[in-house]
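Only this structure's heavy atoms are used, side chains among them; waters, hydrogens and symmetry mates stay out. Chain A is the first sequence line, chain B the second, and so forth, proteins listed ahead of strands; every chain is numbered from 1.
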There are 2 protein chains.
Amino acid sequence: MSNNVTTTEKGPARSRAATRSAATPPAGEIGLGMLPELIGYHVRLAQMAVFADFERSLGTLDLSPGLFGLLVIIEANPGLRQIQLAAAARLDRSTLVPALDKLEARGLVERRAAPDDRRSNGLFLTRPGAGLLQRAKAIVRDHEQRIAGALSAEERAVLVRCLDRLAPEVRES
Amino acid sequence: MSNNVTTTEKGPARSRAATRSAATPPAGEIGLGMLPELIGYHVRLAQMAVFADFERSLGTLDLSPGLFGLLVIIEANPGLRQIQLAAAARLDRSTLVPALDKLEARGLVERRAAPDDRRSNGLFLTRPGAGLLQRAKAIVRDHEQRIAGALSAEERAVLVRCLDRLAPEVRES
DNA sequence: TATTGTTATACTCTATAACTATA
DNA sequence: TATAGTTATAGAGTATAACAATA
């Protein structure tokens, strides 16, 4: 099996690549080789497209996808310690610090000294933080409908189940 | 509808969150709020897991996923111009320069002055570059089997088709 | 004037290692 | 000794703006 130069496998033999070995491949006919056969390639493109919409949507509130995720987790777990939040968000604890600094500087999140262990901080949403998050969640639900609008509820469920089954060995964490 | 603190929606009311407002949520019970309802969340986790395996696999050859993709596209389109490669790889042309510098410094890729337009370079794999790419492709095929091994051929096809239908509006490029 | 490749620069996200204050 | 948070630092990966050579 040789590589496809174009995406189509069959069809009449085009003018051979060798015929124009030093020439420029015509625009619009640039092949991607084996890349479209790789699931990771499609996952990456989907990620880029979904995140572009996500970022543009939340940009209204000056929130990144990452900061939004932190707010959601803090809301679901009031009093969470930084190290626990880092684990839940799959970040290093040092990565979390500047992110929380931003949220705290904007008055959305509060670090309260933990009563039982003075090394730790308990994390809480402030009232403005909770309010902003409610608006953000509404925006994110709109985003979700926009990006997945072409898929039925069943297709979405299948998609998520397939995604969750990818690279199981890497996920033992 | 209030937010779920844990992932489970129903079930007997647990000790109220208010009861331990300043306490630490027990480890292993950290909820993720609405995040698991978002397709983008699962896409991102899958991306991270797949890329981790991809990077580890190709690391053997000191190749990143990005550099591998460039080699594949050049192989499929000998003589490609940098601006065309940038478009195919969805990179800015300025981003491509240091990547090609790396590949050229390792003797894997050659920039040849284009005969018809002296502003442009035609890109070609060297013989060692083509050889390395063959080995890389074999590694990547193994990687593909490893990450998608839990999915049938049909499931993989469904997954890819669903992924390609996400965020269609953002993809008009 | 417009385009190709390049350079300088900067921004985001992330991690590692070392420090501090507690435990 | 070990852990929670912090700091300093660095490395990918990406982009924008400006420049030289060429069209």
Length of the line joining A/Leu67:CG and C/dC13:P, which is rounded to integer Å
7 Å
Do side-chain atoms of B/Ser57 reach the backbone of B/Ile139 as a donor and acceptor pair under 3.5 angstrom?
no
So, OP1 or OP2 of D/dG13: does either fall under 4.0 Å of a side-chain N or O from B/Arg90?
no
Closest to the B/Asn121 side chain: D/dG13, D/dG5, C/dG5?
C/dG5
Pairs under 3.5 Å (N/O, protein and nucleotides 21-23 of chain D):
from   : atom 1 : to       : atom 2 : distance (Å)
D/dA23 : OP1    : B/Arg118 : N      : 2.8

When the distance from CG of A/Asp92 to P of D/dA8 is rounded to whole Å, what number comes out?
17 Å
Between A/Arg111 and A/Arg44, which residue's closest nucleotide on DNA chain D lies nearer the 5′ terminus?
A/Arg111
May I ask you to decide if A/Arg111's main-chain N or O and A/Glu104's side chain share a donor-acceptor pair within less than 3.5 Å?
yes
B/Gln82 side chain: which of C/dC13, C/dG5, C/dA15 is closest?
C/dG5
Figure out the CZ/P separation between A/Arg112 and D/dG5, and round it to whole Å.
15 Å
Does A/Ile39 belong to the same Ile/Leu/Val/Met/Phe/Trp/Tyr cluster as A/Leu45, with side-chain heavy atoms less than 4.5 Å apart forming each link?
no
Measuring from A/Arg93:CZ to A/Leu85:CG, what's the distance to the nearest 0.5 Å?
14.0 Å
Can you tell if the side chain of B/Leu108 reaches within under 4.5 Å of the side chain of B/Leu67, non-hydrogen atoms only?
no
Between C/dC13 atom P and B/Gln47 atom CD, what is the distance in whole Å?
15 Å
Kindly determine whether B/Arg161 and B/Asp164 satisfy salt bridge (Lys or Arg N to Asp or Glu O under 4.0 Å), including the steps that lead there.
CA-CA 5 Å; B/Arg161 257 183 281 120; B/Asp164 289 352; over 6 Å; no
Tell me, which of residues 93-104 of chain B have any heavy atom that sits under 4.0 Å from an atom in DNA chain C?
B/Arg93, B/Ser94, B/Val97
Pick from A/Leu159, A/Val158, A/Val43: which one makes a side chain to side chain contact (heavy atoms under 4.5 Å, CB included) with B/Leu159?
A/Leu159
When the distance from CD1 of A/Ile83 to C1' of C/dT22 is rounded to whole Å, what number comes out?
14 Å
From CD of B/Glu110 over to P of C/dG5, roughly how many Å is that when rounded to an integer?
16 Å
Residue pair A/Lys137, A/Glu75: steps toward the salt bridge (Lys or Arg N to Asp or Glu O under 4.0 Å) verdict:
CA-CA 12 Å; A/Lys137 282 156 95 173; A/Glu75 181 192 47; 2.8 Å; yes
In whole angstroms, how far is the P atom of D/dA15 from the CD atom of A/Glu55?
12 Å
To the nearest Å, give me how far apart CG (A/Leu85) and P (D/dA4) are.
14 Å
Check: A/Tyr41 and B/Leu163 side chains under 4.5 Å, non-hydrogen atoms
no
